[in-house]
Amino acid sequence: MNIGLIGSGGREHAICKKIFESKLTNQIICIPGNAGTSKLAKNVEVDILDFNKILKVVNLYKIDLVIVGPEEPLVKGLVDFLKKKKIRVFGPNKYAAKLEGSKAFMKKMCAQYKIPTARFKICTKLYHVENFIKNCHFPIVVKADGLAAGKGVTICKSKKQVINDSNKIFSGKFKSSKKVVLEEFLVGEEASYFLIVDGKNFKFFGTAQDHKRVYPNDKGPNTGGMGAFSPAPVIDSFIEKKIIEKIVKPTLLALKKRKKSYNGFLYVGLMIKNNEPYLIEYNVRMGDPECQVILPRLKTDLVKIINNASTNKLKNTKIEWENKKSMTIVLCSKGYPGKYKKNIRIKNLDKIRLSKKDFIFHAGTKLKDRELFSTGGRVLNISSLGSNFVKIRRKIIFIIKKINWKNGFFRKDIGWKVIKKNANY
Ligand code: AMP
Ligand code: GLY
């Protein structure tokens, strides 16, 4: 098969590697890809929101199946657009993608189907905000309704801050929506649960925990993700059952009833509190960097799985996993998530010898005259498989030190909470 892969991050490099390893793959076209994918695929420089240009590339390279990595084209309807042109594509339709594209939509669904989630209020006027504050303890979580590239959520400790942040959203800080969703603050342990879904069935696709804050001990501003590990020990089979019965099944059934069945990866972002799962967010795709820790553990051919999912044949598809643990640490440009320099050369990567258990996934990189340069805040993801998180982390840090990129920084404490609980994890 010729496969088209939309996106350019570490997640897409990890997906690209799995597609490359499949016997079913003939050629891979990445739109637009990065320096890492260019070694496995043909990169074609096209804007991922320019659907007509994507269609041209699909026809030019006779692409049999398109896989969409990031949320923005999904939320803007790329799947519906390509399906209308009779192109086979893996990912949710525009309506189902509102699970991520509109927090108000997701919360309303939770209320309608009694899905456990934080108490909330959808606000379009300041007096809605003021009324909610009266009956809620601080902190209060203020969220922009629409996509906000990870910058739409603030945890507010005072009334003044809630009003200030809400007003910014009301006056159009985020182009995607002017609605505000206020939420009570949930205390617990965060974890992510992944599924692959076709029109009729769903299958487990791993668990992971992400580290969104930039500094050690989860301090400082939010980022796109500084590192992750898989599996997430907090999700045991007892909690998993509750996630499926109380959260996943009602959601998928609701979409089915509305004749907008879900198809694609589904990322269930959770807070686990007193052994009960609460839905914090849905993402309609794999996570980044969670994908970079989940896919290295996958034993079954990814193309076979996605091919079956895109034709509603998941039910009889066996998905097997390595009985190993996995971690990734993100090497970032100094200054991220604030201002940082771009186009800084990364010299040593080709010289580094990796074992079969280690992977360097590119995120914000590009090649210029065969030399590697940084183009983003999150530059490389160094992942490794093993039997113990402490040892895996040591190995990754050893690799990062060998890369010795002077413009980079990273968190040395990925997995600190689970490791503190049990050093044998
Ligand atoms: P979201 O985009 O909704 O996932 O929010 C981003 C991050 O904010 C989450 O990963 C949590 O760490 C935090 N967060 C969001 N909602 C809540 C909540 N109701 N209670 C506590 N933390 C939250
Ligand atoms: N790592 C969080 C996300 O992919 O949204």
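First listed ligand is number 1; within each ligand, the first listed atom is number 1. Sequential numbering from 1 along the given sequence is applied to the chain's residues.
- Using bins of under 30°, 30° to 60° and over 60° for the plane-to-plane angle, the ring pair Y340/Y336 lands in the perpendicular bin.
- Residue contacts with ligand 2 do not include C291, since none of its heavy atoms lies under 4.0 Å from the ligand.
- Residues meeting the ring pair (Phe, Tyr, Trp, His ring centres under 6.0 Å) test with F205, sequence neighbours left out: F265, W321.
- Between the side chain of R378 and the backbone N or O of V330, no donor-acceptor pair lies under 3.5 Å.
- Taking 4.0 Å as the cut-off, G287 counts as a neighbour of ligand 2 on heavy-atom distance.
- In summary, the aromatic rings of F204 and Y193 are positioned with their centroids under 6.0 Å apart.
- The protein heavy atom nearest to atom 5 (O) of ligand 2 is R285 NH2, 2.8 Å.
- Using a 4.0 Å cut-off to heavy atoms of N283, the atoms of ligand 2 that qualify are 5 (O).
- Looking only at distances, no side-chain donor or acceptor of T328 sits under 3.5 Å from a matching main-chain atom of V293.
- Between D210 and ligand 2, at least one pair of N/O atoms sits closer than 3.5 Å.
- Ligand 1 lies under 4.0 Å from heavy atoms of K103, A118, V141, K143, V153, E183, E184, F185, L186, E190, K212, M271, I280, E281.
- Between E281 and ligand 2, no N or O atom pair is found at a separation short of 3.5 Å.
- With a 4.5 Å cut-off on side-chain heavy atoms, I396 and F410 do not count as touching.
- Among the candidates N343, N43, T375, the single residue satisfying the side-chain hydrogen bond (donor to acceptor under 3.5 Å, both in side chains) test with K366 is N343.
- Residue E290 has at least one N or O atom closer than 3.5 Å to an N or O atom of ligand 2.
- Neither the backbone nor the side chain of E100 has a heavy atom within less than 4.0 Å of ligand 2.
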Item to complete: Take N308 and D198 through the side chain to side chain contact (heavy atoms under 4.5 Å, CB included) test and state the conclusion after the steps.
Response: CA-CA 8 Å; N308 287 356; D198 70 13; over 6 Å; no
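- Under a 4.0 angstrom heavy-atom cut-off, G224 registers as being in contact with ligand 2.
- Between the side chain of D165 and the backbone N or O of V142, no donor-acceptor pair lies under 3.5 Å.
- Under 3.5 Å, the side chains of S8 and N34 contain no donor-acceptor pair of N or O atoms.
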